[in-house]
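Here is the structure we will look at.
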Amino acid sequence: NTTRTQPQLPSHPSPAQQLCKMLGALLRCNAAVLCRFRSTRSSVVASKTALALQPMHPEWQGVLSAINKLHVQRQAKPVSVFLSYAWDENTRENQRLQSFLLNFRRDLLASGVATVFLDVTHMTDRMADKMQASVQQSDFAIVIGTERYRQRVSEHPDSGAAFELQVILQQAEQRRLQVMPLQVQGEFASCIPPALSKFLVRDMRSSQYVRSMLGLHSPLGIVPNLLDFRAGDAEYEAIVGGFLLSELPAANVGFCGRKAELERIHSLLKKRRVLAVCGLGGSGKSQVALAYAHRHKASFRFVRWIPAEDIESNLMKLAQELDIDCEGASKEVWLAHLWMRLQAIPSWLIVLDNAHSPNDVKEYLPNSAWLEGNQNILITSRSQQWRTSFTLDMFDDSEVTEYLQHHLQESLLERAEAKQLVLLGEKLGHLPLAVAQASAYMNRVGLSPESYLEKLELTPVDILKRSSPDLVEYPRSVKATWLLSVTRIEEENPAALELLQLCSLLHADLIPLALLERAIQDDEKHKDKSVSSGLESAADSNRSSSS
């Protein structure tokens, strides 16, 4: 912030308190801005679990349909499943349970289960007879373990749930039925009746739904158990592996151009298998890598996007998803197991984004000679020191024109001549980041390319060079477009700029929203106190809870 001086901080406070005081000096914004910021967080990242539990998301539907097709191709025996559950006294909990049951039944049928017996009405004498008949016709009984289910079975032996479980256990003893208890809430001891503890219980709480449904390298998956896909089934693993292991940011729908570069990357990866896409910051390395990953993801068993600054934690997460036990193991040991496991998977792509230099990541990566077939590692980096690299150049005139024609509002394009778009590209140094910033600014303000060029010439960028040494490596075009945007934000909503300044002091991706939320609560309780005191209180609370 070039217009305000930072407060003098005493030397004795803890680092967390110092940071919070600095944030408080910058964050003199109202709670409404933070609340709007907070309300968007749920839409930023959609987990695979959310995809499964929503109304048949295409990606989830595709996986289940492929499993169904494989099951049909093998002419396997039709499978029938009975779902046992107990209603809750709480209406809201009943709604959640019913939603789970209906979605679960939908997913089982979509995967290839022939019949799912599920009745969402209350037990009557007639229903008891129907229930018994359904259990007798089933190959599997899946028990939905909830606190209410255990309570009804354990404390009310005359309840419908207790009678239902008795029938299920009788059929299991006669080996006419396989029992599969599921834990869908709470703790094991509070949800699973003692009579079911001898069976293997699957964890189906929301965060584990997809992995428990599909399984991969263990015998715990519900679908492979129901449809008799054995551990190590290559065809089944080919279907579910990509869905379980792939983590890729959403495609940039505004991406355009770079056709020759994408083809070149594809050609080099086929030969080298490890390739670094290098270039100046803002040249679009990450966007090109992302476009390549989405364009070719169907060619790989899975595609994994890993930020280089968090390479160790991300590779450990991948190892755990491949059922490698990392607890207590040294980094060298679990990494060796990970790459050995990956060597057995014939086709995958790992994108390592924004690696600082080869020395920073070499201990985590295998030798390129170790890779074979369609196993590839694509790296983005500003460093030119990689053994095999491809330098990404700036936009040319045609790409600048294509980008602006694709992104600018029609009303602005109608007022622009082709030569003005080319001239704008020249003034911006043909840098993709600068072109993108300029396009967004013109759309937001309703400014024509001609007017934007005039404004660009009047923008003093030397102030950025003095106040932000990190910007020295960027050309004037980025500094100017950035300063125009920041100035506009400050004019429209100073509080939004202060929130942006706060975020600039935190992690690029992992901003602790709880810190901001607690600051809001404290600010609302103590209107006479500054937000900085709320942040200090929140930081102290976080620190004590973590310790």
Side-chain angles (χ1 to χ4, degrees), residues 52 56 64-65 67-87 94 97-146 148-150 152-153 156-184 191-193 195-202 204 209 212-215 219-230 236:
M56 216 41 159
L64 297 180
S65 297
I67 295 172
N68 193 337
K69 184 177 179 181
L70 179 60
H71 183 62
V72 172
Q73 286 175 348
R74 294 184 177 182
Q75 299 180 340
K77 171 191 171 186
V79 175
S80 298
V81 174
F82 180 87
L83 299 185
S84 177
Y85 65 96
W87 285 125
N94 271 340
L97 177 59
Q98 182 169 343
S99 176
F100 173 86
L101 289 169
L102 294 176
N103 285 333
F104 184 46
R105 178 178 65 177
R106 175 205 68 193
D107 293 343
L108 291 176
L109 293 172
S111 68
V113 173
T115 308
V116 178
F117 294 104
L118 170 64
D119 198 308
V120 291
T121 59
H122 290 280
M123 182 77 72
T124 63
D125 290 341
R126 189 172 181 180
M127 282 296 300
D129 294 337
K130 182 180 178 182
M131 179 273 297
Q132 280 186 289
S134 298
V135 171
Q136 291 170 358
Q137 296 175 48
S138 299
D139 303 294
F140 291 85
I142 296 181
V143 180
I144 310 301
T146 61
R148 178 65 171 172
Y149 187 90
R150 178 186 169 108
R152 296 296 291 171
V153 168
H156 302 277
D158 58 341
S159 65
F163 176 65
E164 195 169 88
L165 180 58
Q166 183 182 359
V167 173
I168 289 172
L169 293 176
Q170 288 175 352
Q171 291 292 310
E173 288 176 3
Q174 299 172 16
R175 299 188 180 279
R176 297 176 181 174
L177 185 73
Q178 296 186 52
V179 181
M180 192 180 293
L182 307 182
Q183 180 184 356
V184 300
C191 297
I192 305 300
L196 292 174
S197 59
K198 62 182 178 181
F199 300 101
L200 182 63
V201 179
R202 273 80 174 178
M204 286 289 281
Y209 182 89
S212 293
M213 275 290 287
L214 299 181
L220 302 183
I222 293 170
V223 169
N225 271 272
L226 295 178
L227 303 182
D228 200 26
F229 293 118
R230 305 299 175 87
Y236 180 79

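Note that these values count all heavy atoms, side chains included, but never hydrogens, waters or copies made by symmetry. This structure is a prediction, so every number in the text was calculated from the model and none was measured.
Nearest heavy-atom pair across Ser111 and Leu227 is O-CD1, 3.3 Å. When every heavy atom of Ser159 is checked against every heavy atom of Arg152, the shortest pair comes out as OG-O, 3.2 Å. The nearest pair of heavy atoms linking Ala162 to Pro157 is CB-O, 3.4 Å.
Between Trp87 and Gln98 there is a side-chain heavy-atom pair separated by less than 4.5 Å. Residues Ile67 and Leu214 have side chains in contact (heavy-atom distance under 4.5 Å, counting atoms from C-beta outward). The shortest side-chain heavy-atom distance between Met204 and Ile222 falls under the 4.5 Å cut-off. Within the 4.5 Å cutoff, side-chain heavy atoms of Leu118 are placed close to those of Leu102. In this structure, the side chains of Thr146 and Tyr85 stay at 4.5 Å or more apart for every pair of heavy atoms. Side-chain atoms of Ile144 and Leu97, non-hydrogen and from C-beta on, do get closer than 4.5 Å to each other.
Every side-chain contact (heavy atoms from CB on, under 4.5 Å) that Leu109 has, sequence neighbours left out, goes to Arg105, Val116. In this structure Arg175 satisfies the salt bridge (charged side-chain N to carboxylate O under 4.0 Å, His left out) test with no other residue, sequence neighbours excluded. For Gln136, the side-chain contact (heavy atoms from CB on, under 4.5 Å) criterion is met by Gln171, not counting sequence neighbours. Annotation: side-chain contact (heavy atoms from CB on, under 4.5 Å) contacts of Gln137 (sequence neighbours excluded): Phe117, Ala133. Scanning for side chain to side chain donor-acceptor pair (under 3.5 Å) contacts around Glu173 gives an empty result, with sequence neighbours left out. By the side-chain contact (heavy atoms from CB on, under 4.5 Å) test, Gln73 is found to be paired with Lys69, Leu70, residues two or more places apart in sequence or in another chain being considered. Tyr149 is linked by a ring pair (Phe, Tyr, Trp, His ring centres under 6.0 Å) to nothing, counting only residues two or more places apart in sequence or in another chain. The ring pair (Phe, Tyr, Trp, His ring centres under 6.0 Å) test applied to Phe104 returns Phe100, not counting sequence neighbours.
One finds the CE atom of Met213 at 9.5 Å from the CG atom of Leu182 (value rounded to the nearest 0.5 Å). To the nearest 0.5 angstrom, Ile142 atom CD1 is 11.0 Å from Phe82 atom CZ. One distance of note links CG of Leu108 with CG of Asn103; it measures 11.0 Å at 0.5 Å rounding. Rounding to the nearest 0.5 angstrom, the gap separating the CD atom in Glu164 from the CG atom in Leu83 is 9.5 Å. Remark: Gln170 CD to Gln174 CD distance equals 7.0 Å, nearest 0.5 Å. In this structure, the separation between CZ on Phe199 and CD on Gln178 is 10.0 Å, given to the nearest 0.5 Å.
A donor atom on one side chain and an acceptor atom on the other are found under 3.5 Å apart for Asp107 and Tyr209.
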**Request:** Would you check, one step at a time, whether the test side chain to side chain contact (heavy atoms under 4.5 Å, CB included) holds for Gln132 with Phe163?
**Result:** CA-CA 10 Å; Gln132 280 186 289; Phe163 176 65; 3.9 Å; yes
**Request:** Check step by step if side chain to side chain contact (heavy atoms under 4.5 Å, CB included) holds for Arg230 and Tyr236.
**Result:** CA-CA 9 Å; Arg230 305 299 175 87; Tyr236 180 79; over 6 Å; no
**Asked** Leu196 and Val201: side chain to side chain contact (heavy atoms under 4.5 Å, CB included), yes or no, with the steps?
**Response** CA-CA 8 Å; Leu196 292 174; Val201 179; 5.8 Å; no
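Remark: the backbone N or O of Ala110 is paired with a side-chain donor or acceptor of Asn68 at under 3.5 angstrom. In this structure, the side chain of Asn225 engages the main chain of Gly221 through a donor-acceptor pair within 3.5 Å.
Listed by first and then second residue, the salt bridge (Lys or Arg N to Asp or Glu O under 4.0 Å) pairs involving residues 70-81 are Arg74-Asp233, Arg74-Glu235, Lys77-Asp139 (not counting sequence neighbours).
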